[in-house]
Amino acid sequence: MKKKLLGEERRSLLLQWLKTAETPLTGSDLADRANVSRQVIVQDISLLKAKDEPIVATSEGYIYLTSTQEQGLFQEVIVCQHTPEETMEELFIMVDHGVTVKDVRIEHPVYGDLSALVRVSNRMEVEQFLRKLKVTNAPLLSQLTDGLHLHTVEADAKEKITSACLALKERGFLIEA
């Protein structure tokens with residue numbers, strides 16, 4: 001029988017596991033490792049975030065953002081508009097140009113800025129992201145704004161972002177300021 005990890009010891013191990021993970025860790029996986037419920041993990045993650053630990057929840061699980069992940073990358077915010085059916089094409093255009101789509105944001109008339117992590121950098125991740133949307137029957141944020149949305153994108157070369165933006169513009173997805 002596995003020992004149930006308690007309080008600070010558990011949160012310390014959660015940080016260690018997240019910092020050393022090469023892929024996102026699900027709440028269920030962390031709960032199994034710590035021998036506690038998934039809800040306890042959700043609460044622990046909230047406590048760690050309150051202590052300014054850079055943990056983010058993605059559609060694939062929790063990740064710990066480290067400064068080394070951000071070094072040497074170019075970042076830009078772009079504005080796009082398209083139908084929900086064109087989402088896969090939009091994301092494929094970006095990842096095919098070597099661009100990672102970090103998030104999606106909209107400006108809601110009541111709630112203000114709403115954002116969600118996307119974190120896709122290849123076709124397989126795009127397909128997994130869209131499959132999860134379909135399985136959960138979750139709407140895209142952009143459906144609240146007639147398809148208008150922003151993405152934070154990043155790449156290891158500015159030229160990759162530029163070429164992705166040109167392809168998005170040719171397709172009619174990019175809105176230029």
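Positions are given from 1 along the sequence.
- Sorted by first and then second residue, the ring pair (Phe, Tyr, Trp, His ring centres under 6.0 Å) pairs with a member in residues 135-154 read H82-H149, H149-H151; sequence neighbours excluded.
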When the side chains of residues 104-113 are checked against the rest of the protein, which donor-acceptor pairs come out under 3.5 Å, sequence neighbours left out?
from	atom 1	to	atom 2	distance (Å)
H108	ND1	V110	N	3.0
H108	ND1	Y111	N	3.1

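- Sorted by first then second residue, the salt bridge (Lys or Arg N to Asp or Glu O under 4.0 Å) pairs that include residues 135-149, not counting sequence neighbours, number zero.
- The hydrophobic clustering, which links ILVMFWY residues whose side-chain heavy atoms are closer than 4.5 Å, places L13 and L48 together.
- Atom-to-atom distance recorded for I41:CD1 and R33:CZ is 10.5 Å, nearest 0.5 angstrom.
- For H97, there are no side-chain hydrogen bond (donor to acceptor under 3.5 Å, both in side chains) partners two or more places apart in sequence or in a different chain.
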Using atom types as modelled, flag every donor-acceptor pair under 3.5 Å from a side chain in residues 16-27 to any protein atom, sequence neighbours excluded.
from	atom 1	to	atom 2	distance (Å)
T20	OG1	Q16	O	2.9
T20	OG1	W17	O	3.4
T26	OG1	D29	N	3.0

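- Distance CD1/I63 to CZ/R119: 4.0 Å, rounded to 0.5 Å.
- With rounding to the nearest 0.5 Å, the separation of CG in L150 from SG in C80 is 8.0 Å.
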Worked verdict on R123 versus D96 for side-chain contact (heavy atoms from CB on, under 4.5 Å): CA-CA 8 Å; R123 283 182 173 244; D96 287 351; 2.7 Å; yes
Please report, to 0.1 Å, the donor-acceptor pairs under 3.5 Å made by any side chain of residues 160-173, with sequence neighbours excluded.
from	atom 1	to	atom 2	distance (Å)
K160	NZ	D156	OD1	2.8
T162	OG1	K158	O	3.2
S163	OG	E159	O	3.3
S163	OG	K160	O	3.1
K169	NZ	E176	OE1	3.1
R171	NE	E89	OE1	3.3
R171	NE	E89	OE2	2.6
R171	NH2	E86	OE2	3.4
R171	NH2	E89	OE1	3.3

With a 3.5 Å cut-off and sequence neighbours excluded, list the donor-acceptor pairs that the side chains of residues 124-135 form with protein atoms.
from	atom 1	to	atom 2	distance (Å)
E125	OE1	S121	N	2.6
E125	OE1	S121	OG	2.9
K132	NZ	S59	O	2.2

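- Annotation: side-chain contact (heavy atoms from CB on, under 4.5 Å) contacts of S37 (sequence neighbours excluded): Q39, V40.
- Contact of the V101 side chain with the L91 side chain is registered, since non-hydrogen atoms from C-beta on lie closer than 4.5 Å.
- Pairing each heavy atom of V120 with each of V95, the nearest pair is O-CG1, 3.8 Å.
- In this view, E8 and R11, K51 satisfy the salt bridge (charged side-chain N to carboxylate O under 4.0 Å, His left out) rule, not counting sequence neighbours.
- A continuous path of ILVMFWY side-chain contacts below 4.5 Å connects V42 to L15, so both sit in one hydrophobic cluster.
- Note on M88: it clusters hydrophobically with V99, by side-chain heavy-atom contacts below 4.5 Å among ILVMFWY residues.
- Hydrophobic clustering (ILVMFWY, side-chain heavy atoms < 4.5 Å, transitive): V36 and I45 are in one cluster.
- A155 and G98 make their closest contact through CB-O, 3.6 Å (heavy atoms, listed as atom of the first residue, atom of the second, distance).
- Using modelled atom types and a 3.5 Å distance limit, the side chains of D103 and T152 yield a donor-acceptor pair.
- L117 is not connected to L114 by any chain of hydrophobic side-chain contacts under 4.5 Å among Ile, Leu, Val, Met, Phe, Trp and Tyr, and they are in different clusters.
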